[in-house]
There are 2 protein chains.
Amino acid sequence: MTSRKPKSENSIVDIARALGISPATVSRALNDNSRISEATRMRVKEMAKEMGYRHNSMASSLRNRRSNIIGLIVPRISMYFHAYFITSLQRQLQAAGYNLMICQSNDSVKLEKELANSLYSARVDALVVSLALYTEDISHFDGFLQQGIPLVFYDRVPTVETGAYVIKGDDYRGGLLAGNHLMQAGCRQMAYISGPLSCSIYQERTRGFVDALAKHGIALREDWVFHQELTAENAWNSLRKLFKGKHIPDGLFAANDTTAIAAVEFARERQIPIPDKLKIIGYSNDPRTSIITPPITSVEQYPSEMADKVADTLVGALQRQGSAVTRLGEPLVCPVDLVRRMTT
Amino acid sequence: MTSRKPKSENSIVDIARALGISPATVSRALNDNSRISEATRMRVKEMAKEMGYRHNSMASSLRNRRSNIIGLIVPRISMYFHAYFITSLQRQLQAAGYNLMICQSNDSVKLEKELANSLYSARVDALVVSLALYTEDISHFDGFLQQGIPLVFYDRVPTVETGAYVIKGDDYRGGLLAGNHLMQAGCRQMAYISGPLSCSIYQERTRGFVDALAKHGIALREDWVFHQELTAENAWNSLRKLFKGKHIPDGLFAANDTTAIAAVEFARERQIPIPDKLKIIGYSNDPRTSIITPPITSVEQYPSEMADKVADTLVGALQRQGSAVTRLGEPLVCPVDLVRRMTT
DNA sequence: TTGTATGCGTTATCAC
DNA sequence: GTGATAACGCATACAA
């Protein structure tokens with residue numbers, strides 16, 4: 001290889017010059033444009049490789065007015081459900097030629113806003129969001145809607161009507177399943193540890209659970225219901241309250257698995273026999289639920305399947321971009337299932 | 001708001017026109033350039049907001065020849081160590097004004113190559129990589145080195161010398177700790193289930209473990225050593241082999257926690273008392289190890305601290321870009337600790 | 001099938 | 001302190 005002057009980097013113009021043809025032809029050849037002779041296409045590609053050419057997607061994006069980047073805002077990457085959702089989503093989008101820019105709001109409304117703005121400026125072609133725990137005002141996503149940038153909410157979705165796509169789990173049914181299952185298992189003194197009602201999924205799980213009990217003529221004691229961040233520490237505090245008196249619950253619906261796990265550990269410490277004296281159901285079917293002793297009954301959410309639906313929606317919306325009408329349709333509701341284990 | 005012709009989107013040129021000033025001034029005002037009057041700065045920002053202007057980072061990136069995007073290739077986002085590493089890394093980089101483009105190789109060498117090329121074309125400003133299980137040839141990262149794009153390997157790093165930054169856990173010491181601890185606990189019949197030796201971390205853990213035993217005059221039986229993908233299924237198969245005869249191990253070093261967990265479950269099924277008849281150590285201090293019964297002794301890797309070092313290295317390298325010499329220095333080795341629980 | 005010319009939106013350089 | 005201008009690299013409309 002001859003020593004070349006260390007100019008910035010080879011562009012299609014350099015290739016064109018080296019080949020004595022026009023940059024336009026090079027561009028077409030590299031993009032496998034139809035109106036180009038097989039011979040030049042080959043010559044160009046060969047020279048491109050030889051010169052160490054790499055496509056500049058910044059220039060390309062600017063010219064095409066699309067970045068081929070899709071933004072994702074997720075509360076926490078470390079949550080089982082989201083980790084598997086992301087894995088699946090990324091595979092799909094990669095296959096469709098998109099890169100994913102993954103950001104974590106860390107369940108902070110403030111950070112979620114910043115990320116939304118940042119991704120907005122980064123000119124993502126679309127945005128996928130699962131909301132932070134206390135996000136109620138969603139005006140920080142308005143820009144996307146106004147600009148006609150596809151916006152998809154999944155799992156934790158807004159509780160108000162928006163112009164965005166919505167793909168959610170059937171949390172109402174999840175709550176219903178949990179309630180029915182505990183009833184059938186003979187529980188009558190129910191406790192419920194849930195996330196805050198600012199968050200769609202906990203609203204729905206609560207509604208489903210309450211409805212299930214109501215059908216059997218059971219009501220929840222108000223002081224046995226908790227709405228809080230579902231950390232292990234909060235769970236322990238609530239459990240201590242639940243079990244401090246003489247009158248104690250015989251069934252617990254935990255709206256996530258971290259809480260259910262804490263409950264099993266709490267019961268172990270207090271020597272409360274499970275499932276004999278206390279039955280427990282979690283939510284998400286986190287792998288940890290099957291590892292602990294006793295393994296915990298939980299509600300499966302099928303994260304991969306949800307990711308597939310999000311990807312389909314997204315790719316569809318991106319293809320339709322610009323074409324006449326973009327009809328949104330109803331929120332897509334994904335099925336859930338009860339996975340029965342030894343705590344019920 | 002008056003109805004405006006629906007042209008594509010407002011640029012600084014539009015703002016300039018609306019204000020009767022030049023685009024250059026607008027740009028300077030928006031970037032808080034020093035040589036601009038406070039008055040114009042305010043006027044410009046106000047108008048920008050009013051016109052719904054958003055910065056176009058594609059144009060900006062093209063002009064500046066930097067994308068402000070940092071690429072990350074990770075084997076699996078769902079592994080505890082990586083999930084926490086990513087969380088920390090992202091926080092740091094966000095603060096430094098960079099966006100992170102996270103990709104999963106899914107432990108496939110082929111996919112890793114594709115992702116490297118894709119991120120290369122995407123013109124990331126830097127690349128952070130933890131290698132796939134069987135990656136030995138790392139020539140797909142050569143482009144980054146040649147272009148002087150900062151390249152940082154962490155955790156699973158190349159086993160050969162490269163021009164890249166290397167930040168790794170002290171896996172040799174991890175293996176050593178595990179070996180010493182099992183010896184002190186009285187084990188003499190050691191089994192070892194490890195990942196493939198193509199992968200730096202398993203090479204080192206193996207070396208440390210073997211050295212620890214050797215110091216006590218103990219050698220590993222060859223048929224009690226496994227090098228394989230560390231899935232639960234593979235673990236079960238190996239465990240069946242280990243415990244099929246009369247002569248069985250009394251100590252097991254599992255090079256990841258998934259394997260250690262499988263071992264505990266296997267022992268439970270076979271009614272092998274832990275730690276009396278069999279002692280087990282895992283690696284990574286995955287939260288699952290503290291949930292299972294009995295909780296598993298494991299090696300903590302401090303993912304957040306490693307992420308901090310990667311971020312520092314990265315930001316430093318990016319700032320030095322272009323300036324005379326870029327000295328790499330030795331690989332950075334991060335500390336590990338043994339977390340003692342009930343399996344030893 | 002190929003070439004010419006232009007513009008995507010921003011910012012750096014130079015001039016005033 | 002501000003303006004005019006050019007250039008980043010690519011892809012298209014139009015011409016040939």
Side-chain angles (χ1 to χ4, degrees), chain A residues 7-45 47-48 51-69 97 120-125 147 321-322, chain B residues 7-45 47-48 51-69 97 120-125 147 321-322:
Chain A
K7 55 156 305 192
S8 72
E9 203 165 331
N10 287 323
S11 72
I12 56 171
V13 179
D14 299 306
I15 298 179
R17 194 156 28 216
L19 250 37
I21 60 179
S22 89
T25 306
V26 174
S27 172
R28 284 190 272 252
L30 291 173
N31 290 318
D32 288 322
N33 188 304
S34 52
R35 313 196 313 246
I36 207 89
S37 80
E38 194 55 35
T40 24
R41 190 202 315 282
M42 304 264 279
R43 283 208 312 147
V44 167
K45 291 200 171 174
M47 178 57 82
M51 295 176 68
Y53 168 79
R54 60 173 173 148
H55 178 78
N56 187 325
S57 36
M58 277 135 64
S60 178
S61 293
L62 177 59
R63 175 67 232 240
N64 295 325
R65 295 146 159 274
R66 55 205 300 275
S67 63
N68 271 20
I69 297 175
Y120 184 64
S121 283
R123 289 282 207 285
V124 292
D125 287 347
Q147 295 297 338
Q321 279 231 301
Chain B
K7 54 158 306 194
S8 72
E9 203 165 330
N10 287 324
S11 73
I12 55 172
V13 179
D14 298 306
I15 298 180
R17 194 155 30 216
L19 251 39
I21 60 179
S22 91
T25 307
V26 174
S27 173
R28 282 190 275 251
L30 291 173
N31 290 318
D32 287 324
N33 188 304
S34 53
R35 311 196 313 249
I36 206 90
S37 78
E38 193 56 35
T40 26
R41 190 202 314 283
M42 304 265 279
R43 283 208 312 146
V44 167
K45 290 201 172 174
M47 179 57 82
M51 294 176 68
Y53 167 81
R54 59 173 176 150
H55 179 76
N56 188 326
S57 36
M58 277 133 65
S60 178
S61 294
L62 176 60
R63 178 66 232 240
N64 295 327
R65 295 142 158 276
R66 55 206 302 275
S67 63
N68 271 20
I69 297 176
Y120 185 63
S121 283
R123 291 286 210 279
V124 292
D125 287 347
Q147 296 297 338
Q321 278 233 301

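Here is how names work: the chains are called A, B, and so on, in the same order as the sequence lines, proteins then strands, and each is numbered from 1. Note that the structure is a prediction, hence the values are computed from the model and not measured.
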Quiz item: Within the side chain of R123(B), is there an N or O that forms a donor-acceptor pair under 3.5 Å with the backbone of H55(A)?
Solution: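 At least one qualifying donor-acceptor pair exists.
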Exercise. Take the C1' atoms of the five end pairs on each side of the helix from dT1(C)-dA16(D) to dC16(C)-dG1(D), derive the two axes, and give their angle rounded to 10 degrees.
Key: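 Angle reported: 30°, given to the nearest ten degrees.
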By side chain to side chain donor-acceptor pair (under 3.5 Å) - contacts of [X] (at least two apart):
X      : result
S57(A) : none
R54(B) : E9(B)
R66(B) : N68(B), Y98(B)
N56(A) : none

Taking only nitrogen or oxygen atoms into account, show me every contact under 3.5 Å that the protein makes with nucleotides 12-15 of chain C, one pair per line with its distance.
unit_1	atom_1	unit_2	atom_2	d
dA12(C)	O4'	R63(B)	NH2	2.9

Exercise. Applying side-chain contact (heavy atoms from CB on, under 4.5 Å), name anything that partners T25(A), two or more places apart in sequence or on another chain.
Key: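 Partners of T25(A) under the side-chain contact (heavy atoms from CB on, under 4.5 Å) test: I21(A), S22(A), I36(A).
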Quiz item: Listed by chain and number, what are the side-chain contact (heavy atoms from CB on, under 4.5 Å) partners of N33(A), not counting sequence neighbours?
Solution: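 Residues passing side-chain contact (heavy atoms from CB on, under 4.5 Å) with N33(A): R28(A), R35(A).
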Quiz item: Out of dC10(D), dT4(C), dT2(C), which nucleotide sits closest to the side chain of S22(A)?
Solution: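 So the nucleotide nearest the side chain must be dT4(C).
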Quiz item: Which nucleotide in the set dT10(C), dC8(C), dC10(D) lies at the smallest distance from any side-chain heavy atom of N56(B)?
Solution: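 Between dT10(C), dC8(C), dC10(D), the one nearest the side chain of N56(B) would be dT10(C).
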Give a yes/no answer on whether the side chain of [X] brings an N or O atom under 4.0 Å of OP1 or OP2 in [N].
X      : N       : result
S57(B) : dT10(C) : no
S60(A) : dG9(D)  : no
R66(A) : dC8(C)  : no
S61(A) : dC10(D) : no
R65(A) : dG9(C)  : yes
S37(B) : dG1(D)  : no
S27(B) : dT11(C) : yes

Self-check item: For Y120(B), all residues meeting ring pair (Phe, Tyr, Trp, His ring centres under 6.0 Å), sequence neighbours excluded
Solution: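 For Y120(B) the ring pair (Phe, Tyr, Trp, His ring centres under 6.0 Å) partners, ignoring immediate neighbours, are F144(B).
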Quiz item: Taking for each residue the nucleotide of DNA chain C with the nearest heavy atom, is it P23(A) or S34(A) whose nucleotide lies nearer the 5' end?
Solution: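 Here S34(A) is the residue nearer the 5' end.
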Quiz item: When all nucleic acid strands are considered with a 4.0 Å heavy-atom cut-off, which category describes I36(B): base, sugar-phosphate, or nothing?
Solution: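 Sugar-phosphate, backbone atoms only, no base.
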Self-check item: Comparing Y53(A) and R41(B) on DNA chain D - which has the more 5′ nearest nucleotide
Solution: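 Nearest nucleotide further toward 5': that of R41(B).
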